[in-house]
There are 2 protein chains.
Amino acid sequence: MNAASYQQLDRVIHERGRLAIMSLLAATTELPFTGIRDALEMTDGNVTTHLRTLQEAGYLAVTKSFQNGRPHTTAALTVTGRKAFRHHVDLLARIVERARSGPSLEPGVMSGSRLRPQT
Amino acid sequence: MNAASYQQLDRVIHERGRLAIMSLLAATTELPFTGIRDALEMTDGNVTTHLRTLQEAGYLAVTKSFQNGRPHTTAALTVTGRKAFRHHVDLLARIVERARSGPSLEPGVMSGSRLRPQT
DNA sequence: GAAAACACTTTGTATTGCAAAGTGAACGGA
DNA sequence: TCCGTTCACTTTGCAATACAAAGTGTTTTC
């Protein structure tokens, strides 16, 4: 694990709002649209788009139905989603842990060894 | 601490690339431009813009000089930056911890108590 | 029966992450 | 001494997208 492993941070999950949704769903089993919106104090539009993004990534199972004449949407993590989230969280934990260890290296040791990303 | 505390996640710090830079600088004292770029395998342009963003937020002290006829840029966390990063990391740690605890609540408990963000 | 509430979705915009291209100085070979 | 290359960045262009305001359709309330 080198410092550049941050590249592995899944952008779909990492975004603030979606990290919150994934986090929330990871702690429960299934939640309604309104539950997510209220728990996270998110706007409706925000929830809709994030749910769609997460669903399209295969991380969420979203079910839409009508109950007493009103739309009812629920979301739950898929197995893939749970795995991806766990992986993300592990990465974050490692980054955080390393950061917490505090200053240790001398300044300047990182120079040299030029290595551009392939274009 | 409620679930909506994700709102406190500092967007300047939270972005992947910048989280990596902050993380890297938190573990050392000061690094040159090229050190950051190489350690994180980031493109030059990316490093420049992220450094600027972090500097404008007051999180980084960036010094630019010429050494043997070449520009030499270094970056280090400011006290504010170190504090903000620590706070961010603490928040992440809490989110991560709660997520790690696994399913516990019943589905449906989060409904009701509508509370829109002020517009 | 008009108006408000509810559960969403769509739209518009303003931001911004990213890499390709650009800049300018120094160095290396022919 | 010219020409190309390397180095250390900065600027530019664009595609993606986070966000909230406005919109939709139903249902309840007064």
Side-chain angles (χ1 to χ4, degrees), chain A residues 4 6-7 9-22 31-57 60 62-75 108 110-119, chain B residues 4 6-7 9-22 31-57 60 62-75 108 110-119:
Chain A
Y6 87 96
Q7 303 255 23
L9 284 175
D10 187 331
R11 284 150 101 144
V12 171
I13 297 181
H14 190 65
E15 201 278 326
R16 270 175 14 131
R18 285 186 303 259
L19 184 67
I21 291 178
M22 293 290 281
L31 283 176
F33 182 96
T34 53
I36 296 170
R37 180 199 56 194
D38 296 344
L40 302 179
E41 292 168 28
M42 232 175 227
T43 56
D44 298 25
N46 225 319
V47 173
T48 297
T49 49
H50 283 328
L51 287 188
R52 177 163 47 231
T53 302
L54 288 168
Q55 183 188 22
E56 281 168 0
L60 246 54
V62 179
T63 73
K64 295 174 194 247
S65 62
F66 265 77
Q67 278 179 20
N68 20 329
R70 298 183 172 283
H72 186 71
T73 303
T74 66
M110 311 297 307
S111 345
S113 85
R114 185 68 210 285
L115 201 150
R116 271 186 194 272
Q118 60 281 23
T119 48
Chain B
Y6 87 96
Q7 303 256 21
L9 284 174
D10 187 332
R11 283 148 101 141
V12 171
I13 298 181
H14 190 65
E15 202 278 326
R16 272 176 11 133
R18 282 184 310 255
L19 185 66
I21 291 178
M22 292 291 280
L31 284 177
F33 182 97
T34 52
I36 296 171
R37 180 198 58 195
D38 296 344
L40 302 178
E41 291 169 28
M42 231 175 229
T43 56
D44 297 25
N46 226 320
V47 173
T48 297
T49 50
H50 283 329
L51 286 189
R52 177 162 47 229
T53 302
L54 288 169
Q55 183 187 23
E56 280 168 0
L60 245 55
V62 178
T63 72
K64 295 174 194 247
S65 63
F66 264 78
Q67 278 179 19
N68 20 331
R70 298 184 171 282
H72 186 72
T73 303
T74 66
M110 310 298 309
S111 343
S113 85
R114 184 68 211 283
L115 202 151
R116 270 185 195 272
Q118 59 281 21
T119 48

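Here is how names work: the chains are called A, B, and so on, in the same order as the sequence lines, proteins then strands, and each is numbered from 1. Everything numeric in this text was worked out from a predicted model, so none of it was measured.
One finds a side-chain N or O of A/Arg52 lying less than 4.0 angstrom from the OP1 or OP2 phosphate oxygen of C/dT10. For D/dA16, the OP1/OP2 oxygens have no side-chain nitrogen or oxygen of A/Arg11 closer than 4.0 Å. B/Thr43 has no side-chain polar atom (N or O) that falls below the 4.0 Å cut-off from OP1 or OP2 of C/dC18. Between A/Lys64 and C/dA7 there is no side-chain polar atom (N or O) within less than 4.0 angstrom of OP1 or OP2. For the OP1/OP2 pair of D/dC7 and a distance below 4.0 Å, the side-chain nitrogens and oxygens of B/His72 include no atom meeting the criterion. The phosphate of D/dC19 (OP1 or OP2) has a side-chain N or O of A/His50 nearer than 4.0 angstrom.
Mapped onto DNA chain C by nearest heavy atom, B/Glu15 and B/Asn68 fall at different nucleotides, with B/Glu15 at the one closer to the 5' end. Map B/Thr53 and A/Arg70 each onto its nearest nucleotide of DNA chain C; the residue landing nearer the 5' end is A/Arg70. Nearest-nucleotide positions on DNA chain D place A/Thr49 closer to the 5' end than the other of A/Phe66 and A/Thr49.
For B/Thr34, counting side-chain heavy atoms from C-beta on, the closest listed nucleotide (D/dT10, C/dC8, D/dA8) is D/dA8. Relative to the side chain of A/Thr73, the nucleotides D/dT11, C/dC8, C/dG17 differ in distance, and C/dC8 lies closest. Distance from the side chain of A/Arg18 is smallest to D/dA18 among D/dA20, D/dA18, C/dA7. The B/Pro71 side chain lies nearest to D/dC9 when the options are D/dC9, D/dC19, C/dC8.
Counting distance only, with no hydrogens placed and no angle test, the side-chain atoms of A/Asn46 and the base atoms of D/dC19 include no donor-acceptor pair under 3.5 Å.
With A/Thr74 as the fixed residue, the side chain to side chain contact (heavy atoms under 4.5 Å, CB included) test singles out one of A/Ile36, A/Thr63, A/Val62: A/Thr63.
In this structure, A/Leu54 places its CG atom 12 Å from P of D/dT17, rounding to the nearest Å. Atom NE2 of A/His14 and atom C1' of C/dC18 are 16 Å apart (whole Å). As rounded to whole Å, 16 Å separates atom P of D/dT12 from atom CG of B/Asp44. Rounded to an integer number of Å, the gap from CD of A/Gln67 to C1' of D/dT26 is 15 Å. Going from atom CD of B/Glu41 over to atom P of C/dC18 covers 14 Å, rounded to whole Å. Following rounding to the nearest Å, B/Leu9 (CG) and D/dA18 (C1') show an atom-to-atom distance of 15 Å. Atom-to-atom, CG of A/Asp10 to P of C/dG17 comes out at 17 Å; the value is rounded to the nearest Å. In this structure, CE of A/Met42 is placed 7 Å from P of D/dC19, rounded to the nearest angstrom.
Closest approach of A/Tyr6 to B/Leu40, counting heavy atoms only: CE2-O, 3.3 Å. Residue B/His72 comes nearest to B/Pro32 through the heavy atom pair CE1-CB, 3.9 Å, listed as atom of the first residue, atom of the second, then distance.
Here the OG1 atom belonging to A/Thr34 is positioned 11.5 Å from the CZ atom belonging to A/Arg70, to the nearest 0.5 angstrom.
No side-chain heavy atom of B/Met42 sits less than 4.5 Å from a side-chain heavy atom of A/Gln7.
For A/Thr49, there are no side-chain hydrogen bond (donor to acceptor under 3.5 Å, both in side chains) partners two or more places apart in sequence or in a different chain.
Among the atoms of the strands shown, only primed sugar atoms or phosphate atoms (P, OP1, OP2) are found under 4.0 Å from some heavy atom of A/Gly69.
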